[in-house]
**Q** 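Quick one: structure below, then a few questions.
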Amino acid sequence: MPQSLAPSDPTVREFEATVASVDGPDVVLDDTYFYAESGGQPADRGTLAGTTVTDVQHRDGDVVHTLESAPDLSAGDTAVGVVDDAFRTYCMRAHTASHALYGAGREYLDDLGYGGFNIDSEKVRVDFETSTDIDDETLVDLERLVNRVVWDSLSVSWEEVPVEEARSREDVAFNVKTEEGVFSDSDTVRIVTIGDSDTPFDVAACGGTHVSNTGEIGPVHLLGRSNPGEGLTRVEFAVGPTAIDRRAEERRATLSTARELGTSVSKMPEMARNLRAKTESLEAELSDLKRGVLAARLAGLDAVERDGVTWRVGTVDGFGPNDVGDAAKDVVGDGTDVVVVAGQEGSTFVVVASTGDVAAGDVVTELTDAFGGGGGGGPTFAQGGGLDADPSAVVDAVRR
């Protein structure tokens with residue numbers, strides 16, 4: 001069964017092979033150095049016999065190269081394959097970086113397991129199974145350790161070992177998706193080791209392509225984390241030139257923010273905390289002032305006497321039903337038996353507060369029956385919304 005030679009010799013970029021079969025744009029070779037999509041790593045790009053390769057997949061035991069168009073090839077012909085150097089190099093760096101990140105996770109995360117992995121053109125993701133909450137501080141620690149591993153230029157090596165031996169070793173990380181896709185029908189497992197075999201930084205079962213030294217990875221920049229499913233934490237990162245660009249963008253934003261705040265970068269967290277506390281205090285003060293102004297406005301509404309009950313009825317602008325409702329409750333009771341206020345927040349609303357001599361809910365029901373909308377409440381407080389009338393028309397109806 002032909003298999004890709006890319007994982008065992010990832011530095012090969014050009015090769016000759018014999019065509020085993022051709023079916024339209026699909027070509028199978030006796031040997032290939034194109035990597036077939038699997039385990040979260042995308043298929044290689046490049047050309048075969050001068051025609052662009054658009055996809056490479058494992059199919060029915062073969063590595064199938066799908067070309068942009070049907071080639072002028074037949075079984076038995078010799079074809080030259082050229083693997084896109086830039087994309088393969090990126091995938092090698094990104095895949096090895098994911099192993100370094102998992103190795104860093106061994107240092108900081110509890111109950112660690114591999115939950116998934118994927119490379120795309122802009123970023124790489126690793127899904128951790130862990131009971132540890134990966135907060136901002138942990139994310140920074142992970143990034144620092146990964147980049148230290150890059151700086152230390154640790155060796156990266158790989159070898160084939162029996163499946164059972166690999167599974168029996170506690171130090172070997174298994175990506176479940178990779179196991180199912182690459183190792184399910186194999187007697188051996190390819191083990192990738194970062195660092196010295198006696199004291200490795202990370203050991204993982206993997207069929208992908210890798211650099212031979214962590215120094216080749218280049219800078220790694222962690223972009224953030226999310227929760228894709230129960231028990232999983234997804235960490236995304238950029239590697240190489242993309243990492244440099246993203247880090248520069250964040251650095252530029254950080255310096256700009258510090259300049260706007262009139263402080264240094266190191267003092268930004270303290271400044272932000274102080275500003276937040278001040279903002280919250282001012283917002284609370286403003287809320288109290290607005291509530292006082294609104295209560296005074298409602299208390300100053302014209303009074304209407306009806307059957308020994310004092311009503312205050314009117315309209316307000318610039319306040320929502322909740323604020324108006326709270327203020328109306330404050331006004332009721334001090335010589336005022338019922339407060340009816342109409343306003344607009346998108347649509348017309350009405351708020352009724354009462355001492356209970358007049359049922360607030362009945363007033364709202366009468367108004368919504370007359371003007372549409374809906375609402376309700378109890379004897380002392382009720383609200384209605386969606387009324388098909390101006391607030392002034394609702395108030396006039398109450399006064400009548």
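This chain uses plain numbering: 1 for the first residue, then up along the sequence. Because only heavy atoms are used, hydrogens play no part in the values below, and waters and symmetry mates are left out as well, while side chains stay in.
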**Q** Salt bridge (Lys or Arg N to Asp or Glu O under 4.0 Å) with D26: which residues, sequence neighbours excluded?
**A** R59
**Q** Indicate yes or no for a side-chain donor-acceptor contact from D390 to the backbone of S392 under 3.5 Å, with no hydrogens or angles considered.
**A** no
**Q** Sub-3.5 Å donor-acceptor pair from the side chain of R190 to the main-chain atoms of E159, do we have one?
**A** no
**Q** Enter the distance from R251:CZ to T254:OG1 here, rounded to the nearest 0.5 Å.
**A** 7.0 Å
**Q** According to the ring pair (Phe, Tyr, Trp, His ring centres under 6.0 Å) rule, which pairs have a member within residues 309-367, sequence neighbours left out?
**A** none
**Q** Can you list the residues that meet the side chain to side chain donor-acceptor pair (under 3.5 Å) rule with S354, with sequence neighbours excluded?
**A** none
**Q** Any side-chain heavy atom of R106 within less than 4.5 Å of one from D202?
**A** yes
**Q** In Å, rounded to the nearest 0.5 Å, how long is the span from CZ of F34 to CG of L48?
**A** 6.0 Å
**Q** Can a donor-acceptor pair be found, under 3.5 Å and without considering hydrogens, that links the side chain of S256 to the backbone of R252?
**A** no
**Q** Look at the side-chain heavy atoms of Ile, Leu, Val, Met, Phe, Trp and Tyr, link any pair under 4.5 Å apart, and say whether F128 and L223 land in one connected group.
**A** no
**Q** Are L367 and V309 co-members of a hydrophobic cluster defined by side-chain heavy atoms under 4.5 Å apart?
**A** yes
**Q** When you look at S157 and S155, which way does the side chain to side chain donor-acceptor pair (under 3.5 Å) test go after all the steps?
**A** CA-CA 6 Å; S157 58; S155 64; 5.4 Å; no
**Q** Establish whether V53 and Y33 are linked, either directly or via other cluster members, by ILVMFWY side-chain heavy-atom contacts under 4.5 Å.
**A** yes
**Q** Under the salt bridge (Lys or Arg N to Asp or Glu O under 4.0 Å) rule, collect the residues that match up with K123, sequence neighbours excluded.
**A** D120
**Q** For V82 and V80, what are the C-alpha separation, side-chain angles and deciding distance, and is it a side-chain contact (heavy atoms from CB on, under 4.5 Å)?
**A** CA-CA 7 Å; V82 179; V80 175; 4.3 Å; yes
**Q** Is any side-chain heavy atom of W151 less than 4.5 Å from a side-chain heavy atom of T214?
**A** no
**Q** Is there a side chain to side chain donor-acceptor pair (under 3.5 Å) between Y35 and T32? Walk through the geometry before answering.
**A** CA-CA 8 Å; Y35 183 83; T32 183; over 6 Å; no
**Q** Where do V192 and V156 come nearest, in terms of heavy atoms and distance?
**A** CG1-CG1, 4.0 Å
**Q** Do V56 and V63 have side chains that approach each other closer than 4.5 Å (heavy atoms only, starting at C-beta)?
**A** yes
**Q** Under 3.5 Å, side chain of T380 to main-chain N/O of G356, donor-acceptor pair present?
**A** no
**Q** Measuring from atom CG of L5 to atom OG1 of T209, what distance do you get when rounded to the nearest 0.5 angstrom?
**A** 13.0 Å
**Q** Which heavy atom of P71 sits nearest a heavy atom of V27, and at what distance?
**A** CG-CG2, 3.7 Å
**Q** Heavy atoms only: give me the nearest S98-V126 pair and the separation to one decimal.
**A** CB-CG2, 3.7 Å
**Q** Going hydrophobic residue to hydrophobic residue with side-chain gaps under 4.5 angstrom, can you get from Y108 over to L232?
**A** no
**Q** Nearest 0.5 Å, please: how far is CD in E250 from OG1 in T257?
**A** 11.0 Å
**Q** Just to verify, what does R88 make a side chain to side chain donor-acceptor pair (under 3.5 Å) with, not counting sequence neighbours?
**A** D44
**Q** Taking side chain to side chain donor-acceptor pair (under 3.5 Å) as the definition, give me every residue that meets it alongside D55, ordered by chain and number, with sequence neighbours left out.
**A** Q57
**Q** Got a second to check how far S281's OG is from E285's CD, nearest 0.5 Å?
**A** 6.5 Å
**Q** Return the orientation label for the H210 and H95 ring planes: parallel under 30°, perpendicular over 60°, tilted otherwise.
**A** tilted
**Q** Can you check whether L301's main-chain N or O pairs, donor with acceptor, with R312's side chain at less than 3.5 Å?
**A** yes
**Q** Find out whether D323 and R291 are in side-chain contact, i.e. whether some heavy atom of one side chain is under 4.5 Å from a heavy atom of the other.
**A** no
**Q** How far does CG of D62 sit from CG of D30, to the nearest 0.5 angstrom?
**A** 11.5 Å
**Q** Minimum heavy-atom separation for P7 to P10, with atom names?
**A** O-CD, 3.8 Å
**Q** Does any non-hydrogen side-chain atom of L145 lie less than 4.5 Å from one of F201?
**A** yes
**Q** Is the side chain of D77 donor-acceptor paired with the backbone N or O of S74 at a distance under 3.5 Å, no angle test?
**A** yes
**Q** Using modelled atom types only, decide if a donor and an acceptor are shared between the side chain of T89 and the backbone of D85 within a distance under 3.5 Å.
**A** yes
**Q** Under a 4.0 Å N-O cut-off, is there an ion pair linking E280 with R276?
**A** yes
**Q** Kindly give the heavy-atom pair with the smallest separation between V28 and H65, and that separation in Å.
**A** CA-ND1, 4.5 Å
**Q** Check step by step if side-chain contact (heavy atoms from CB on, under 4.5 Å) holds for F381 and K329.
**A** CA-CA 8 Å; F381 184 76; K329 292 174 186 177; 3.5 Å; yes
**Q** Does any N or O in the side chain of S287 come within less than 3.5 Å of the main-chain N or O of E283, such that one atom is a donor and the other an acceptor?
**A** no
**Q** Taking the side chain as everything from C-beta on, heavy atoms only, tell me whether V172 gets closer than 4.5 Å to V189.
**A** no
**Q** Does some side-chain heavy atom of L29 sit less than 4.5 Å from a side-chain heavy atom of D31?
**A** no
**Q** Under the 3.5 angstrom rule, does the side chain of R45 hit a backbone N or O of A86 as a donor-acceptor pair?
**A** no
**Q** Would V220 and V124 count as a side-chain contact (heavy atoms from CB on, under 4.5 Å) here? Give the steps.
**A** CA-CA 10 Å; V220 177; V124 186; over 6 Å; no
**Q** Are any of the side-chain heavy atoms of V19 and T78 separated by less than 4.5 Å?
**A** no
**Q** Under 3.5 Å, side chain of E68 to main-chain N/O of T52, donor-acceptor pair present?
**A** no
**Q** Whether R125 engages the ring of F117 as a cation-pi pair (distance to the six-membered ring centre under 6.0 angstrom, angle to the ring normal within 45°) should be assessed.
**A** no
**Q** Applying the side-chain contact (heavy atoms from CB on, under 4.5 Å) test to R144, which of V146, L142, N147, V140 qualifies?
**A** V140
**Q** So which heavy atom on V364 is nearest to which on G376, and how close?
**A** CG1-N, 4.0 Å
**Q** How about Y114 and F174: are their ring centroids closer than 6.0 Å?
**A** no
**Q** As a quick check of understanding, evaluate side chain to side chain donor-acceptor pair (under 3.5 Å) for T11 and D9, giving each step before the final call.
**A** CA-CA 6 Å; T11 61; D9 197 351; 3.2 Å; yes
**Q** Applying the side-chain hydrogen bond (donor to acceptor under 3.5 Å, both in side chains) test to T138, which of D141, D136, D135 qualifies?
**A** D135
**Q** If hydrophobic clusters are built by linking Ile, Leu, Val, Met, Phe, Trp and Tyr wherever their side-chain heavy atoms come under 4.5 Å apart, do V331 and V340 end up in the same one?
**A** no
**Q** Would you call D326 and K290 a salt bridge, using N to O less than 4.0 angstrom?
**A** no
**Q** Just wondering, more than 12 heavy atoms not from D388 lying within 6.0 Å of its CG?
**A** no
**Q** For side-chain contact (heavy atoms from CB on, under 4.5 Å), just list the numbers for Q383 and V350, CA-CA rounded to whole Å, side-chain angles, deciding distance to a tenth of an Å, and then say yes or no.
**A** CA-CA 6 Å; Q383 287 179 274; V350 63; over 6 Å; no
